[in-house]
Amino acid sequence: MSSKMQRPVCLLIWLFLLEAQAFEIPINGNSEFAEYSDLVELAPDKLPFVQENGRHQRSLPEESGEETDTVDPVTLYSYKVQSTITSRVATTTIQSKLVNNSPLPQSVVFDVQIPKGAFISNFTMTVNGMTFTSSIKEKTVGRALYSQARAKGKTAGWVRSRTLDMENFNTEVNIPPGAKVQFELHYQEVKWRKLGSYEHKIHLQPGKLAKHLEVNVWIIEPQGMRFLHVPDTFEGHFQGVPVISKGQQKAHVSFKPTVAQQRKCPNCTETAVNGELVVMYDVNREEKAGELEVFNGYFVHFFAPENLDPIPKNILFVIDVSGSMWGIKMKQTVEAMKTILDDLRTDDQFSVVDFNHNVRTWRNDLVSATKTQIADAKRYIEKIQPSGGTNINEALLRAIFILNEASNMGLLNPDSVSLIILVSDGDPTVGELKLSKIQKNVKQSIQDNISLFSLGIGFDVDYDFLKRLSNENRGIAQRIYGNQDTSSQLKKFYNQVSTPLLRNVQFNYPQASVTDVTQNNFHNYFGGSEIVVAGKFDPSKLTEVQSIITATSANTELVLETLSQMDDLEEFLSKDKHADPDFTKKLWAYLTINQLLAERSLAPTAAIKRKITKTILQMSLDHHIVTPLTAMVIENDAGDERMLADSPPQDHSCCSGALYYGTKVASGPIPSWANPSPTPMSAMLAVGAKPLESTPPTHLNQVENDPHFIIYLPKSKRNICFNIDSEPGKILSLVSDPESGIVVNGQLIGAKRAENGKLSTYFGKLGFYFQKEGMKIEISTETITLSSGSSTSRLSWSDTAHLGNSRVLISVKKEKSVTLTLNKELFFSVLLHRVWRKHPVNVDFLGIYAPPIDKFSPRVHGLLGQFMQEPAIHIFNERPGKEPGKPEASMEVKGHKLTVTRGLQKDYRTDIVFGTDVPCWFVHNSGKGFIDGHYKDYFVPQLYSFLKRP
């Protein structure tokens, strides 16, 4: 009765129900807003807001006479989002209601993007009158319940996410004609202050026109709001639609576009609601002790003083100069660094570390920020030429060593703050590749007085990794994309983290009844940020909480005291129906669980880890949230239909949320061309590992190993082979067809060390760009990432899955292969090669197989693409070679006469471990004469770049 699909970055539920029952869901009216009569409407400078009927616009089809397109098989009846923020604690509910108007069963996917750091707290689903509710269980209990349902033949969907914070919640339902379905998801998050403001993002992607679409955001801040702003994130399409009402301590943002306003154009059937609604605000704050809020046995302390003089800093800039930084990214980074260096004060000390597969330093020691040193550092940075791989581990350890040595030798100002700023655009490809090991190395080496800040550039960077790296080491991370102004974004990020105002900030709550105090990971305070502390107290013994804060500023030792009473906040919250009375409890739980998860990953002994695990588990169950130790069991009232939402492990981007519609896409097998046949059928291409004394048997162009290219030429019925000897980090163009809009590129990684003076390279990452479909697919040895517009999903090699739409199908075979099918006629297959993790030399790598068919345009090129148009070859004068069993011959091709050698290469399609021997003629010198031009002509700057022909 059910089938299953796993999407590693999404929570995915398949449920098939064939009963037809109706349901009705009440719709809340404007009466909810009556208590906000004291709010004042705002009109921001850059985005004017227009209101109808007083304060709130209302768009209901029965009132306006509008109708969505009746030809749609599935009608999106309503799409509603409600967020309530109480003292930085946000609770969001997303609800969607649909009906199948088609005479055929339809598949509907509820796919919601959840902000990083959020916890899912509840999910309900009603399908044809059958309601599914959720409960949180210990992971082994949840899996046991799932297994019981499966063993009894009941519906039992398996749901799993591979991202740390379950960025996507994804539920798929196949509904019969006339059936109705409702989804409702609840999640919680904490707002962190960055660059002097809080930012609340709601990802809106209903996927189609909605009869009722409304978003409401309520903000309740006892401190009072200094400002509130809703930037235009939809390029002016919804100008005048958002309505802002702001009072002294609370605000309401309403977004209710009519069906006509939702359309991309007046006659379009596509929705323009595809992006983020962003609300930015900041609160009023005292210059000294901040805000201490006490309620229901919990307290939270927000500390963000202003108007303080900066204190001296010791700063290491760690800059990625690998090949992927080539071009505009490196140019903008250099320009930004020159400006940043000019901002250093004379009492600051600094140095620069730049890295690719090697690590270099401008100065091995910290130097004072004099005009002479700054000018010299600028000249050094201007001469950087990006190339090679990415050795993040060694670069960070080098920077930490410089700061540690300076501290140990007494060369640092005792009143200064030390920090490292890492700028990178990619994953590690050289040296230590395991992200958890890099985290551990950094954590073990860095001193407690050093903060690590990270800036990730572009789409390829593993932002989750950078975020964990910084959060564990008293810093923050930020991401900018390749289509943004790197220079201004880098300077903005630097301004955020480069103004230390206080160091050694310590919080003390002297009352005996105050317990379990926890805080976000900051001991130094930087301008524009905020330190948050939370704890518990016994309300039967205390009605007020006392705090004492000690810190060191630029010129004095500070002691700040404050006292807060519970009655003050209780009276305020009781007057607002949207205020969350549990906000102190939720914030304390959020901080505590995240801190315990970090401590668990670094626990020195198994006993300590078990103790921490037990605490996290109990808190997860008590507070009803999904963490890496719990699972959400979703079942109907009778308990005979059951699904499991399994929390992700503590590991890794960002996925999108959308509703998809249409008949179900069958999970087809791997196409026949991916299996070798005994007779030639069509030209095939391949790429992969270093020569293993064999070639692919038949009819695929392929790349395997170091990377070894095997080109099958069907007219000549010949296999021609060549190697590419390059260096880690380089990106090679395999297929580039600007007319068809197809790109296939591969990025090289290196072996763990060189052998016989040569460092072997392999494909560690492959990028597929189908421009006309608007889809990018990145395949690495760890994950498979799909991006379509602002929508991104990540799969894991540990699962078997079939994903896609009517034009693109992606099939993942667990720990073996990925097959990409474009328009049911163009296929690519990627094989995963795993090696023993402790092997002293070898690393995991990818092989790619592609059929050279006539579906490409005449302009197709690339190391594989050029052979889609088969060149004429003539092989003659076969003779004994220099090595026994490997004869030589002469080959005429493209006006060149080459000496080629007969040998064997491997085709791994049927035997992933040992491969199948296939004979081929090997072209020496990186294919010179057989490929057009020189192999370096095929370098491209980005994983999705088209090849620019010389």
Side-chain angles (χ1 to χ4, degrees), residues 116-117 164-165 192-194 311 313-320 350-351 353 355 359 366 391-408 412 416-424 427-428 431-432 434-456 461-479 493-494 496-500 502-506 518-526 528-533 591 593-604 612 650-652:
K116 277 296 186 181
L164 178 62
D165 301 317
W192 301 116
R193 189 171 185 251
K194 295 181 180 180
I311 58 180
K313 58 181 175 288
N314 315 298
I315 184 167
L316 259 296
F317 299 99
V318 182
I319 305 172
D320 183 349
F350 78 105
S351 189
V353 175
F355 70 97
V359 178
L366 290 168
N391 192 341
I392 293 178
N393 183 68
E394 187 177 339
L396 286 174
L397 295 183
R398 180 78 62 88
I400 293 168
F401 175 80
I402 292 173
L403 284 171
N404 287 347
E405 282 292 289
S407 177
N408 295 338
L412 303 182
S416 64
V417 167
S418 296
L419 56 148
I420 295 170
I421 295 182
L422 169 67
V423 180
S424 180
D427 294 339
E432 180 57 64
K434 191 174 181 181
L435 302 183
S436 60
K437 179 62 174 177
I438 296 175
Q439 281 180 253
K440 190 173 182 179
N441 291 344
V442 170
K443 187 68 176 177
Q444 290 176 344
S445 301
I446 198 167
Q447 293 184 358
D448 290 341
N449 61 342
I450 301 174
S451 296
L452 172 60
F453 299 92
S454 303
L455 182 67
V461 69
D462 191 332
Y463 176 62
D464 293 346
F465 164 62
L466 294 183
K467 188 174 180 180
R468 294 196 302 274
L469 197 63
S470 293
N471 288 348
E472 286 182 359
N473 296 287
R474 299 160 296 280
I476 60 174
Q478 188 165 315
R479 180 176 189 168
F493 178 71
Y494 171 77
Q496 174 182 347
V497 305
S498 66
T499 314
L502 293 172
R503 63 184 184 85
N504 299 329
V505 182
Q506 301 292 330
T518 185
Q519 72 178 78
N520 60 339
N521 201 18
F522 289 98
H523 297 288
N524 297 324
Y525 171 66
F526 294 82
S529 64
E530 184 171 56
I531 299 178
V532 182
V533 183
L591 287 177
I593 290 175
N594 275 292
Q595 180 174 306
L596 289 171
L597 286 171
E599 292 176 2
R600 181 176 180 268
S601 66
L602 300 168
I612 296 173
Q650 275 188 279
D651 200 84
H652 308 53

Does S451 use its side chain to pair, donor to acceptor, with the backbone of R474 at less than 3.5 Å?
yes

With sequence neighbours excluded, tell me which residues meet side-chain hydrogen bond (donor to acceptor under 3.5 Å, both in side chains) with S351.
none

Check: S470 side chain, S454 main-chain N or O, donor-acceptor pair, under 3.5 Å
yes

Nearest heavy-atom pair of Q439 and E472: which atoms, and what distance?
NE2-OE2, 3.0 Å

Side chain to side chain contact (heavy atoms under 4.5 Å, CB included) partner of L591, the single match among L596, V532, V533:
V532

For L403 against L412, the heavy-atom pair lying closest together
O-CD1, 4.2 Å

CD1/I400 to CG/N473 distance, rounded to the nearest 0.5 angstrom?
7.0 Å

Which pair of heavy atoms, one from A406 and one from L366, lies closest together, and at what distance?
CB-CD1, 4.0 Å

Mind checking the NZ-OG spacing from K443 to S436? Nearest 0.5 Å is all I need.
15.0 Å

Is there side-chain contact between L397 and V359, with at least one heavy-atom pair below 4.5 Å?
no

Do any N or O atoms from the side chain of K437 and from the backbone of E432 form a donor-acceptor pair under 3.5 angstrom?
no

Nearest heavy-atom neighbours spanning F465 and L435
CE1-O, 3.6 Å

Using the side-chain contact (heavy atoms from CB on, under 4.5 Å) criterion, which residues pair with Q447? Sequence neighbours excluded.
N404, S407, N408, N449, I450

Taking every non-hydrogen atom, the tightest pair across L469 and L452:
CG-CD2, 3.7 Å

Would you please test F355 and V318 for side-chain contact (heavy atoms from CB on, under 4.5 Å) and show each step?
CA-CA 8 Å; F355 70 97; V318 182; 3.7 Å; yes

Can you list the residues that meet the side-chain hydrogen bond (donor to acceptor under 3.5 Å, both in side chains) rule with N314, with sequence neighbours excluded?
Q349, S416, S418

Any chance you could lay out the side-chain contact (heavy atoms from CB on, under 4.5 Å) test for I421 and L455, step after step, and finish with the verdict?
CA-CA 8 Å; I421 295 182; L455 182 67; 5.6 Å; no

Atom pair CG (L316) and CZ (F401), whose distance is rounded to the nearest 0.5 Å:
12.0 Å

